[in-house]
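Working notes for the structure below.
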Amino acid sequence: MVEAQEHRHLVLIGNGMAGINTVEQILKLAPGAYRITVFGSEPYPNYNRIQLSYVLEKSKAVEDIILNDREWYLENGIELYTGTTVTHIDTEQKTVKADNGMEVPYDTLIIATGSNPFILPVPGADKEGIVGFRDIADCENMLRAADQYKKAAVIGGGLLGLEAAKGLLKLGMDVTVVHLFEEIMERQLDHTASLMLQAELESQGLKFATGKQTEEFLGDKRVSGIRFSDGTTLDAEFVVMAVGIRPNIALAKESGIAVNKGILVNDYMRTSVPDVYAVGECNEHRGITYGLVAPLFEQGAVLAKHLCGVDTKPYEGSVVSTQLKISGVDVFSAGEFMDAEGLSIVRMHDDWRRIYKKVLLRGGRIVGGVLIGDGKESSRLQQWIRTGTVMTEAIHDAIVGQASVETGNTAAELADEEIVCGCNGVTKKHIVDAINEKGLTTVEEIKVATSASRSCGGCRPVVEQILQYVLGDKYDSAAAKQEAICSCTTLSKDEVVTAIKEKGLITSKEVRYALEWDNPEGCSKCRPALNYYLGMIWPTEHVDEKDSRFVNERMHANIQKDGTFGVVPRMYGGVTTPEDLRLIADIAVKYNVKLVKVTGGQRLDLLGVKKEDLPKIWKDLGMPSGYAYAKALRTVKTCVGSQFCRFGTKDSMGMGILLEKKFERLDMPAKFKLAVNGCPRNCAESSTKDIGIVGNEGAWEIYVGGNGGIKARLAELLCKVRTDEELLEIVSAFMQYYRETGKYLERTSDWIERVGLESVTEAVVHDRDNRRALAERMEVALAQVKEPWSEILNNSNLRERMFDEITVSTNQD
Ligand SMILES: Cc1cc2nc3c(=O)[nH]c(=O)nc-3n(C[C@H](O)[C@H](O)[C@H](O)COP(=O)(O)OP(=O)(O)OC[C@H]3O[C@@H](n4cnc5c(N)ncnc54)[C@H](O)[C@@H]3O)c2cc1C
Ligand SMILES: NC(=O)c1ccc[n+]([C@@H]2O[C@H](COP(=O)([O-])OP(=O)(O)OC[C@H]3O[C@@H](n4cnc5c(N)ncnc54)[C@H](O)[C@@H]3O)[C@@H](O)[C@H]2O)c1
Ligand code: SF4
Ligand code: FES
């Protein structure tokens, strides 16, 4: 059956959690059985939508929630079109048409278009400052609003509304949750549980306006408040709507596929049209539409097996359970939760400990439960509800009896077949076997090997307990061990770097062989990392492994979402000349560049360049590459400084240019930005740079570890120096120390949080011998760097190989 499907073309519409989970399963069951093309409206590869709540509260950055990066699609031969919306399906001709004009034939089509947030149809709902909370763009909108405004209202006291409200509160906003009913989370909690939750959230600073129906949004262009049906009003400069979702069915409907609330599917996710399937929030199965990942992944598992010709039971629906992702607030609900006739209830309410537990029984079988304040038993309760287990003394004790008050490791009591990770359907046995068979020692490794804790993360504490239980005495030392650098090995970055030095390994291949990588070819995570570590350790011996680099670094240009490129010539210290500007303008006209953009790093980006024009533009420019794509020094932003500014006490432009010329092109663990200012007015924004230098009363202050991105962090003072020589030596030592001890892709902001500013200060400021030695090693590394654009122009083989590639990536400066 699988062979018969060879080279069939599978097209997936929707690059979200349900669709890509199905593709992952297909790749596992029958690798190579399908040629796969994926369309996604959003400009990102597949990411964990669930964890947007963590991005909003700034405990994770967007990069942290990417589930499958672009290299993953490349490795699996998947053609990915991001930022591309499918606008029509021709079910007769079996083709799909996208908004960029592309038309692609399919043998099998999966629709996984998810849902849209429901926007209340009341006057003023289209005013500025009113958003849904569904994707990265919404999240970025919310983060920006939190910087500019103070008073926020979140409409909807459901799971999404409460997580959004808590996120905004953490960002410093004054937040009121507006809810239609008197009780929040009325779809999951009974009266007592709802009141307890509200009281807990009020104690954390949230405000509530319950029993309020929104009738109108007030304000001119931008929202200024809400008027309710009872005539009262609430001031709000920013509003998040979290009043539920609607399956995204428009495309299917206009293409003649049967829909109701969702796209109608049978027990194998087949729609009304042959060879067209629908999975995830967009579908309706036996009258139900789901809005949580666990049921969507169950649907995906059935669909994947069906498409790979593997025997499978039909999908018969799911019992859903929910867990609120707000730290310090344990809220779990699954199955039935309201008192009703025919149900017997086991209940425990401890106001002092703020714990409420309720288990609902029908005919002695467990059919639902609510846990507030103590969610330890949530995994087991969920399993008992799923399987309709009969209540026993032991279960009673475990949930509401003495046993529940005791803390400790519950992993031992879990039965082998009990599901630990509800989102991904992973049992205890699956986790225990993976730990034993693969020698796993961290939760991160378990996540990679089994998917447990990969989605909402709610099961992480139980996964950790299982790890602790299986490893016993070995657990403590294992806990101290760092994360493996990728799933091909269990070795951490430090272990790999030590082994490279001790064993004298020079190439990535040698490393993977000598250190017994599971996957001899490596993966998209370890290949660029190893290439970096080898170059850093052996600057003179290592030959750069270009194929291991990220696509933008290989192409030496930023690939844009429409497949064209951005070209950024170097402009040292943000300083240019009329001649260079004229040359750039002439080239922009000659090559029909779509847009010339002044970047945040004080230089010019020529956007919309065709791939075949790249070498010609580099040649005509005759300027060095600005490295706007690289894990290397990007820019040195400078202010006008003492050369022109009346406040300037130091020559910031001169120093910026000197630093940029000295450190350009050098590989770093992650992108690296500098700024130099002539005085503490800080016009070039030193506080958000990896190194920010500020002239002050004749001396230079050096700030480090700043980041202006989504995980913003203010730079901290490293030291103050009098002379330019000292400044250069300390900057050099700092950069080299970061190169040697940072993990690949770890920004200085995270690195300093990890290693501590004190240890950095000791290594690069106080310990003068070490500082000198670091600066000397930096000189050796700097002696090896080459200008890439001219290197490519002078090497025809390299040029040919490079320009055979096509992929899409994101922009950065
Ligand atoms: C903030 C937040 C927190 C959440 N927390 C949890 C949680 O804790 N636990 C839980 O179980 N669930 C949670 N959810 C819900 C969960 O994220 C969704 O159930 C899940 O992502 C749905 O997956 P999907 O693939 O069906 O849809 P999506 O993930 O929405 O993916 C659909 C994708 O298709 C794209 N698309 C739509 N139309 C087209 C088209 N015509 N052409 C191309 N692309 C198209 C969309 O842009 C989107 O990227 C949360 C959701 C949010 C927003
Ligand atoms: N932790 C989690 O599991 C989690 C977190 C976030 C989102 N999600 C999922 O994302 C989806 C969207 O979440 P959601 O909370 O928007 O949907 P929801 O349907 O679960 O809740 C919407 C809430 O808004 C209330 N509401 C409806 N109309 C209103 C009005 N006019 N004024 C005030 N309140 C009103 C409803 O009473 C309801 O409680 C759901 O599928 C949810 O399960 C899950
Ligand atoms: S930082 Fe100071 S020296 Fe530099 S431009 Fe601003 S005011 Fe002038
Ligand atoms: S329960 Fe959600 S990731 Fe495991």
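Note that ligands are numbered from 1 as they come in the structure, with each ligand's atoms numbered from 1 the same way.
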May I ask you to identify the nearest protein heavy atom to [atom], giving residue, atom name and distance to one decimal place in Å?
| atom | value |
| --- | --- |
| atom 50 (C) of ligand 1 | I50 CA, 4.1 Å |
| atom 19 (O) of ligand 1 | E281 OE2, 2.5 Å |
| atom 32 (C) of ligand 1 | A112 O, 3.4 Å |
| atom 8 (N) of ligand 2 | L159 CB, 4.2 Å |
| atom 18 (P) of ligand 2 | R187 NH1, 3.7 Å |
| atom 30 (O) of ligand 1 | R134 NH2, 2.7 Å |
| atom 49 (O) of ligand 1 | E42 OE2, 2.6 Å |
| atom 25 (O) of ligand 1 | A18 N, 2.8 Å |
| atom 38 (N) of ligand 1 | T113 CG2, 3.3 Å |
| atom 21 (O) of ligand 2 | G158 CA, 3.9 Å |
| atom 23 (O) of ligand 1 | L296 CD1, 3.6 Å |
| atom 10 (O) of ligand 2 | G291 O, 4.1 Å |
| atom 25 (C) of ligand 2 | H179 CE1, 3.6 Å |
| atom 27 (C) of ligand 2 | V243 CB, 3.8 Å |
| atom 15 (O) of ligand 2 | L160 N, 3.1 Å |

**Prompt:** Considering only heavy atoms, does N682 approach ligand 3 within less than 4.0 Å through its side chain, its backbone, both, or neither?
**Reply:**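 The answer is the backbone.
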Can [X] be said to touch ligand 1, with heavy atoms closer than 4.0 Å?
| X | answer |
| --- | --- |
| T84 | yes |
| C282 | no |
| C423 | no |

**Prompt:** Is there a side-chain contact between I65 and Y54, using heavy atoms and a 4.5 Å cut-off?
**Reply:**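 Side chain of I65 against side chain of Y54, heavy atoms only: no contact under 4.5 Å found.
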Should the proximity of [X] to ligand 1, defined as any heavy atom under 4.0 Å, be assigned to the side chain, the backbone, both, or neither?
| X | value |
| --- | --- |
| F133 | both |
| L159 | neither |
| S41 | both |
| Q323 | neither |

**Prompt:** When you look at K97 and D90, which way does the salt bridge (charged side-chain N to carboxylate O under 4.0 Å, His left out) test go after all the steps?
**Reply:** CA-CA 8 Å; K97 218 180 201 166; D90 185 334; over 6 Å; no
For ligand 1, which atoms have a heavy atom of [X] less than 4.0 angstrom away?
| X | result |
| --- | --- |
| G16 | 25 (O), 29 (O), 31 (O), 33 (C) |
| G280 | 26 (O) |
| G40 | 43 (C), 44 (N) |
| S53 | 1 (C), 3 (C) |
| G291 | 15 (C), 19 (O) |

Suppose I only count heavy atoms of [X] and a 4.0 Å limit; which atoms of ligand 3 are within that range?
| X | answer |
| --- | --- |
| C645 | 3 (S), 5 (S), 7 (S), 8 (Fe) |
| C639 | 1 (S), 3 (S), 4 (Fe), 5 (S) |
| G648 | 3 (S) |
| C683 | 1 (S), 5 (S), 6 (Fe), 7 (S) |

**Ring-face cation of R270 near Y277 (centre distance under 6.0 Å, axis angle within 45°)** =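 No, cation not above the ring by the 6.0 Å, 45° rule.
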**Request:** Flag this pair as yes if the NZ/CZ of R681 is under 6.0 angstrom from the six-membered ring centre of F647 and inside a 45 degree cone about the axis; otherwise no.
**Result:** yes
So which bit of [X] gets within less than 4.0 Å of ligand 2, heavy atoms only: side chain, backbone, both or neither?
| X | answer |
| --- | --- |
| I184 | neither |
| E186 | side chain |
| I50 | neither |
| Q323 | backbone |
| I245 | side chain |
| Y290 | neither |

Any nitrogen or oxygen of [X], main chain or side chain, under 3.5 Å from a nitrogen or oxygen of ligand 1?
| X | answer |
| --- | --- |
| V86 | yes |
| R49 | yes |
| T85 | no |

**Item:** Residue from E298, R386, H285 passing side chain to side chain donor-acceptor pair (under 3.5 Å) with S318
**Value:**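 Of all the options given, the one that passes is E298.
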**Request:** Compare V279, V293, N248 and give the one whose heavy atom is closest to atom 16 (C) of ligand 1.
**Result:** V293
**Request:** Tell me whether C679 has at least one N, O or S atom under 2.8 Å from atom 4 (Fe) of ligand 3.
**Result:**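 C679 does not place any N, O or S atom closer than 2.8 Å to atom 4 (Fe) of ligand 3.
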